[in-house]
Amino acid sequence: MQSAEQRAFLAAALAWTRRPEERHAARMLHSPFSGVPQELGAAHAALAAREGRLLDRIAEERLLAPFGTALAELSKFTDESAARQEILRRFQLDDTLPGASAAPHGGRFALCEPATPEPRKGMRATRPRFSASQLNAYVECPRKWFYRYLCGAVEDKGSSASFYGTAFHAALENLHSEFPRPGDADPAQLSLKLEGLINSAFDRHRNDFGTPVEYELQRRRAQRTAKKYVEWLLAEAKRASFTVVGCELSAELEMEGYEFIGYIDRLDRDDKTGAVAVIDYKTGTIATSAAEYREKIRQFKDFQLPFYYWARTAQGDRVWKLALLPLKDALLDVAPIVLEVVPVPSQIGRSASATGVIPLSELERARERMIELCAELTSGETTAFGVTADPSACTYCAYKIACAHRPYPEDQRFGR
Ligand code: SF4
């Protein structure tokens, strides 16, 4: 097996010296003989097959530097036999390979001692600030956290779904800065305004969508959802008038020496009681009931709204409501998942209702867990970041192509 792989590598490297084209470099990168860690090499080769620019990528990527230097040096050779010698030397190939240079020791080779693996060293978070979404990523899949926050391994270029969310958030931010008291606004004017804001926000991201058709489909979806949003907003304002006191509000908090930052999509103040409600817009899939969302908080799978609760409480607000506002499905009415904060313990019901309660003690547990996770991530004692056991976490993971150990869905395991 070794010799076949080595022969393939040698052939690719010789082809590169004759004609330095990306396809030859990609074949070399795929091989374990390239000296590039296999997962990294395979990831870059796969990206190159999809997007090209392999040589630019090699030039930019520090981890690939020795390989990049070797490519540059080899491309200068004009004499094939000298190039062959250099390839054998640089990549420590077995020079008794058929087709390699004549072996000085008559085809025999000596086995060397296996290299001693380096002792594992702990890794720690180096970013000065944490966010709830960072901790959410860690509890969902430690390996994903490692890729995203520790090595920045592969750039996440975004997707239609993420640009849909960005544009929709921007349109709503502009709407509420102009109409902070939706109950006082003329419904037709509100609707018309949001329609225009959606169009201009999507227009700014026009080139981010994969195709013009995709752009148009997402823009129309947003327009239909926006209509439902305005209907819901007016009904809410009629039920109990409120003022939108901020959108995309920076939420900063220090907890036991760990600094956190986040952005609250919308903060409403009840006109009668002065209590505030934290609203988080969701353009992806969310829990379908308040009980389900509360359970996620209890199981420490979601820290976003607990974090906002503590950040605003530290600012002196009385937070009475935490809500997830779904903006994904244009065919459904906008119906937020709402948790009212209560001071006393309360059982989780099994109801499918969109509204429920969350006791303060559960928000406190979430806060404690966040601090524990920060301590774990900064301890420097973690030497390996395991993969998730839940294959659904991998579906849209940007690091999928680099992640050889990801779990496969039950029905695909035999196809690996
Ligand atoms: S592909 Fe799956 S296992 Fe791998 S990093 Fe992403 S979420 Fe984790």
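Worth knowing before you read on, the calculation uses all heavy atoms, side chains too, and leaves out hydrogens, waters and symmetry mates. When a ligand or atom number is given, it counts from 1 through the structure's own listing order. Here the structure is a predicted model, which means the values were calculated and not measured.
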Proximal protein residues to ligand 1, non-hydrogen atoms under 4.0 angstrom: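 These residues qualify: Cys141, Arg143, Lys144, Tyr147, Val387, Thr388, Ala393, Cys394, Cys397, Lys400, Cys403, Arg406, Pro407.
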Which pairs count as side-chain hydrogen bond (donor to acceptor under 3.5 Å, both in side chains) when at least one residue sits in residues 172-183, sequence neighbours excluded?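 Checked against side-chain hydrogen bond (donor to acceptor under 3.5 Å, both in side chains) - neighbours excluded - the pairs reaching residues 172-183 are His176-Tyr229, Glu178-Lys193, Arg181-Asp184, Arg181-Thr243, Arg181-Asp271.
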Extract all donor-acceptor atom pairs below 3.5 Å that involve side chains of residues 244-256 and protein atoms in other chains or at least two apart in sequence.
from: Ser250; atom 1: OG; to: Glu252; atom 2: OE2; distance (Å): 3.3
from: Glu252; atom 1: OE1; to: Arg129; atom 2: NH2; distance (Å): 3.4
from: Glu254; atom 1: OE2; to: Gly257; atom 2: N; distance (Å): 3.3

Would you say NZ of Lys400 has more than 12 non-hydrogen atoms from neighbouring residues, nucleotides or ligands within 6.0 angstrom?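 Yes, enclosed.
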Those residues that, when tested against Thr313, pass side chain to side chain donor-acceptor pair (under 3.5 Å) (two or more places apart):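 Per chain and number, Thr313 pairs via side chain to side chain donor-acceptor pair (under 3.5 Å) with no residue.
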SB check Asp208 Arg206 (cutoff 4.0 Å):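 No.
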Please determine if Arg298 and Glu295 form a salt bridge, counting it only when a charged side-chain N lies under 4.0 Å from a carboxylate O.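 Result for this pair is yes, salt bridge flagged.
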